[in-house]
Structures are given as C-alpha cells and as structure tokens.
Protein chains: 2
Amino acid sequence: MVRIADVAKMANVSTATVSRVISNAGTVKKETAEKVLEAIKKLNYQPNMLARQLRRSETKTILVVVPDITNTFFSAVLRGIESVAIENGYQVLLGDARNDVESETSFLTILGQKKADGLILLTARTNQKILEDLSEDYPVVLACEYYEGSKLPTVSIDNVSSARKATEYLISLNHKRIGHISGPLNIVVGRDRCRGFHQAMAQHGLSVDPSLVQEGEFSFESGFNLMMKFLSLESPPTALFAGNDEMAMGAIKAAKSKGLRVPEDLSVVGFDDIQFASIFEPALTTVAQPTFDMGQKTMRLLLKLIKDEELEKYQFILPDTLIVRESCKELTIEE
Amino acid sequence: MVRIADVAKMANVSTATVSRVISNAGTVKKETAEKVLEAIKKLNYQPNMLARQLRRSETKTILVVVPDITNTFFSAVLRGIESVAIENGYQVLLGDARNDVESETSFLTILGQKKADGLILLTARTNQKILEDLSEDYPVVLACEYYEGSKLPTVSIDNVSSARKATEYLISLNHKRIGHISGPLNIVVGRDRCRGFHQAMAQHGLSVDPSLVQEGEFSFESGFNLMMKFLSLESPPTALFAGNDEMAMGAIKAAKSKGLRVPEDLSVVGFDDIQFASIFEPALTTVAQPTFDMGQKTMRLLLKLIKDEELEKYQFILPDTLIVRESCKELTIEE
DNA sequence: TTTATCTATGTAATCGATTACAATGAATGC
DNA sequence: GCATTCATTGTAATCGATTACATAGATAAA
C-alpha cells in the first residue's frame, strides 16, 4: 500500500507538504506542488480515507434508513437524496429495515460509532424518544414519515390535506358511499390519510359507514382482500380511497374479479403515484408525492445540520398533486 | 465524546484491558471485566469505528454499485446482498449509477480509498480492463451482468439459454413470426438474450425477419414505441419475446392501443418477473430470475474473497424459471 | 528451593493521515 | 542596517482505537 510518506520521500518533501498539496492549501510553491503531483501519479497514490476521517473526525458518509428498499416509492426518494449527496462529496450508507422496527432501530448505532456524519430516516417507527435523544447529538432528518408533535427536522407532504383532497375529488363526482382502505394505523401516514378521509366526509355532511373503513398493510394483497370484503357487503361502496397505490391496484383487481368495471362501477383513488400507477389499467388516479424533490430537500437540510448551520424552520411540507387518470368516474344518479 | 481512555480511567485499568474486554479476548479476569463493563455502561461508551478500522485496516463495509436503484429487479438483488451482509456484520455502501457508465466507474475509487473492504457490481458497463485490474487488488464480485470471457467471479443466470427457453415456448405454441425487442446491445444481458432468441429460431428452422428484431432500452416507453413499429408492418409478428418485463408491458400496451387483444392476437413473453409482472393484465409470462438468491450467493462469494479463501469456481449460474401466466396463447392455424 | 510456565495486566508502538507550531530565508519597512 | 513580516517547508503531536511486547505475581514442575 502506498502511503503519504512514500510520496513524500519520492518528491523529497515532508508529509505535511504532500498533505498540503492534496488538500489544495495553496501555500505550496508551484514547483514543489508539481514534484509532489508527479510522485502521486507515479506511485498511483490514493489517500487512506480511514486515516483522514479519524483525524478530521468526519466520514463524508450519511446513513439512510428506508423501510423497504424494494418499494419504488422509497427508492425514488433515495435517488433524490443520493444525487445531492454525491454532488457534495458524500456517500450513502444504506439501511434497509425490511419493514422491521427492530432492524430499523439497530441501524442507529452506526452514528455513535462514527461511521456516518448524519442520518436520514424514511421511516418513523422507532421509539420517538430514542430518536429525539439521538437528534440532540447527531444531525438527523426525517422524510416521508414523521412523528406527531415532534420538533425533529422533517420533510414530507401534508398527508391529511392530501387525503382530504383525494376524498373530495370522489365526492365531487357525486359519490356518497365511499370506502377507505387505510394503511397500517400504527404508521403515521396511514393514520393521517385515514384522518383526512374522515375530515372530508364530515365536511361534506357524509356519514362514514364503519364497515367501509378497513385497515390494510400497504400491500397489493391486503388491498385485494379488503376489497373482497367490501364487495360481499349488502351495499358495497361506489368509490374507494386507498391508502396507497399498491392497495388501490389490489382493490381494483378484486373488483374486476367480481365482474365489476372500473371506473364505471367503482371509482378508485390511490396514493403515491408509483411508476406502475400510469401503466396499470385503468391508469390510476392518485396523489403524487414529489419523491425526488423530497429526497433532495432532505439531504440539503441534513447538510445544513452537519455544517452546524441554523435551520429557518424544522417542518417542511412539500406540495403534492392529485393526478387524474382513468380510475374514477362521475356517479350517475340512479341509486 | 467518550473515549476508551475514559473507560479505562473509570474502571482503573489500562486501555489495553478495556479493548480486550470489548473484543472478548478472554484473557481478562472476571472481576476486572465486570468493572470495565460497568464503566462502559455508565459512560455509555461506544468504540470509535474509524479508529478501529484504521488500526485493523478493515471497514466491515462493502460497496454495491447498482445501475438503477429505482428498478425493483436490482433492489430485490440488493436485498439479498444486504441480508447476508448484516448477518455477517457488514454494512452496505450504496452506489446508484443512474444508468450512467461514468458515474458507475467513479464509484470504484472508494475501494482504493479503503472506505470499503469489497465490491459488488450489479452492472458490467465499465471498461473491462479497469475492473480486472481492480480485482487483482481487491475483492470484487459481479452479479446479474458480466463480462464475456472474463475470469471475474460472477453470479448470474444463463441468459442465452433462458432466452432460448422463452422463445421455444412461443415456438411450441405454433408461432412462427416471432419478434424480439432486445435490451441495449452494449449491455451483455441484452446481447445474450438476443443471441438466445436467434439460436432458438435457428434450431427450429425458423427464419428471423430482420425487421422483427429491434433494439430497445429496457424501458416501458421503448417497448411501446418499437411494438408500434412492428404493428405498422405489412405482416406484424404473432408473438413477441421482450428483453425484459418493462418492454413487454410497453409492447402489450401498444398492441392494445391498436385494438389487438393479448394473448388472443399477440403472445408476449417478458424477462425478470418483476413485482408488477403478475399484477399486469394480462399477467405476464416471463423468465423469473432468483433475485434474492443471487444477492445472497454473491455476498457469500465476496465474503470468501475478503477472507482470502479459495473459490471452488468463478462462474456461478443459478437456475431460472419460465413462469407461464396469461400473456401467451397457442396460435390457431389460419395464417 | 529454584526455575519454568502461566495468568493478568500494563506500556507504548502503530495504523496513515492532518495540522499546530516551529524554523528558515527572503522580502519589506523604516 | 536592523526589525518585521511573509512565504515556504519541516517536525512532531494528534485522532482513538488495537496489539506486540514487557512485566509482575502466582502456580506448577523439578
């Protein structure tokens, strides 16, 4: 292994000078710098980052914990994060929690071990107190998910109002018996979207039949199964707001399997606008989150925290969009 | 920051002893160890990994370079890799090349900088020589993609024979005018699948109309566009083998847009069996790669290389499966 | 009883960089 | 001509662990 001392010897200077050349300190005479550069090239020298990191006590690495890396929603956010990271000379250490809270929490030790300069969490299922304490000592930013009433720096959309918007769209199409398949209620976005649904219904004077609200798991299968449940009801819903796109697709598949047409017999709104939402048939009407932007914004915030800069605020709500495609239709009056 | 010296002082021992307790060296008296453990707990001490890594010159981190993290095929492989990594105390540094060769190559410096103990590449688009040289000095394993005639350790399926299998399936359904939308031919799996297609056709005495073979980009859009091209032909194909599922779906969408039914008027086979393949309508008949297994196998190989163990062989071909769903149908004789 | 061996622990070198401080010689100011 | 400042470079401390080697005391062997 080539060390800085080898370069120094070959160039006939001290290691300090070599280091100065590498870090572009500017106080080195031109000729000397050239000698050093030449030696570096000749020896094919690359600085040992471990040594540098130890000395500077910074790793230029950040840890990103995702709930599920195979979910394209999160990998899209991750891409936004990485783009800003790379731009700023940072690398991304990936923690895939595989939807398991324990494994999510276990990644947090990495910060204390100084293997990363900061943490981005795309999931907020760990004990809130643990995270808030961690955030006292290290740069931490949440994205997508968040804790209610916490001051942790967070980037997300307003899930409540988006869910309201989605529901209101169905209401505007004359639907009254609207069902909701929510995400898991122990996950904040599942809860918030459910809340938004109820708010919209209440605001328009529509009562919510409790049997038309079911808790899913954000999976295609749960969407399918719960829709089957709805369809076996005396009077099934004419419209459905699903907590995410996977469940929306599952629900539509279920409806089709029972001979219903979507959107003619059932209108469905999803959430997230994952890649396949537009390929699916019918193309999904859904709430699009600005995944890439969220990732970028999150990483920029983290950089500020790492540099010890003041944040102008701690909660960043990014705008989302209801994307109208083909999965909803106005209810013609015949009920 | 709590250092090992702080623990040593509190426990009234030397840093060497503390270190021995931490690493379970076994040569420490029980009482002493308890004293140390207590101090560690009281001070909430966590060893600084940078220091340890520098001293031991190992990072317990591996670098995984993926061509596109938002592609569920690769994230599924990645999950396999990570599962074995975590199990063995390794962490994953993620390099998302975003389908850009330059950025792919730029990640390779990380090894020389000692920020990772080994490298897994899910893409083989970097200059082959560069990689082979790198592999002389560091543990490197390729997965999914590979170099032709290279001895680099590789885990993959046999794309040629799988493509042959897929094509033969169409032939067995009586199809004769079979089209192929290939992946990019500068990517080895694109090339190999194309090769397999031609082999199968030749072996069954079927000629390949050159206008029925087009080079796509592994994207939904390219599948759509190239199928449109086929459909505007005097005599379009009755069956299609697509280089991956995204292109298969794009092609089907194109066929549908022209009023064709799949599989009645057009049979389609895809490749990869991504998540959405079974949800898509018609559910895709496709070649399933053992993504998770490939990831695991790859990581196990890398671990062997890191530990300087001998590999029994360098090329590992894992079995794939043709999954028959609903996108193909026997051609009834009327042509 | 004396020597050899073993157990438990400490001292200090080491990993490979960065950087505070020191030193040298040249240039500038008065 | 002497003091001061500046430019350039070197020496050595430092980051925080691990670990080779040394040592002291206890035990076993002869």
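Source: prediction; values computed, not measured. Letters go in sequence order (proteins before strands), and every chain restarts at 1.
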Show me the side-chain donor-acceptor pairs of residues 133-142 of chain B shorter than 3.5 Å, one per line, residues at least two apart or across chains.
{"from": "D133(B)", "atom 1": "OD1", "to": "K129(B)", "atom 2": "NZ", "distance (Å)": "3.4"}
{"from": "D133(B)", "atom 1": "OD2", "to": "K129(B)", "atom 2": "NZ", "distance (Å)": "3.0"}
{"from": "Y138(B)", "atom 1": "OH", "to": "K114(B)", "atom 2": "NZ", "distance (Å)": "3.4"}

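- Between E34(B) and K30(B), no side-chain nitrogen of the basic residue sits less than 4.0 Å from a carboxylate oxygen of the acidic one, so the salt-bridge criterion is not met.
- Between R191(A) and E148(A) there is a salt bridge, since at least one side-chain N of the basic residue sits less than 4.0 Å from a carboxylate O of the acidic one.
- If you check residues 34-43 of chain B against DNA chain D, you find no residue with a heavy atom closer than 4.0 Å.
- One axis for each end of the helix from dT1(C)-dA30(D) to dC30(C)-dG1(D), each built from five base pairs, and the angle between them comes to 50° at 10° resolution.
- Each of dT9(C), dG10(C), dG10(D) was ranked by its minimum atom distance to the side chain of K29(B); first place goes to dT9(C).
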| request: For each nucleotide in nucleotides 16-26 of chain C, reading 5' to 3', give B when a protein heavy atom comes within less than 4.0 Å of its base, S when such contact involves only the sugar-phosphate, and - otherwise. | output: BBBBB------
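- Judged purely by distance below 3.5 Å, without hydrogens or angles, the side chains of Y147(A) and N127(A) never pair a donor atom with an acceptor atom.
- With respect to E312(A) and K304(A), a salt bridge is recorded, a charged nitrogen being found less than 4.0 Å from a carboxylate O.
- A salt bridge is absent between E31(A) and K35(A); no separation between the charged side-chain nitrogens and carboxylate oxygens falls under 4.0 Å.
- The salt bridge (Lys or Arg N to Asp or Glu O under 4.0 Å) check on K29(B) picks up nothing, with sequence neighbours excluded.
- Taking 4.0 Å as the cut-off between side-chain N and carboxylate O, R79(A) and D96(B) count as a salt-bridged pair.
- For the salt bridge (Lys or Arg N to Asp or Glu O under 4.0 Å) test, no residue two or more places apart in sequence or in another chain qualifies with R300(A).
- When the nucleotides dG10(C), dA8(C), dT9(D) are ranked by their closest atom to the side chain of T32(B), dA8(C) comes out on top.
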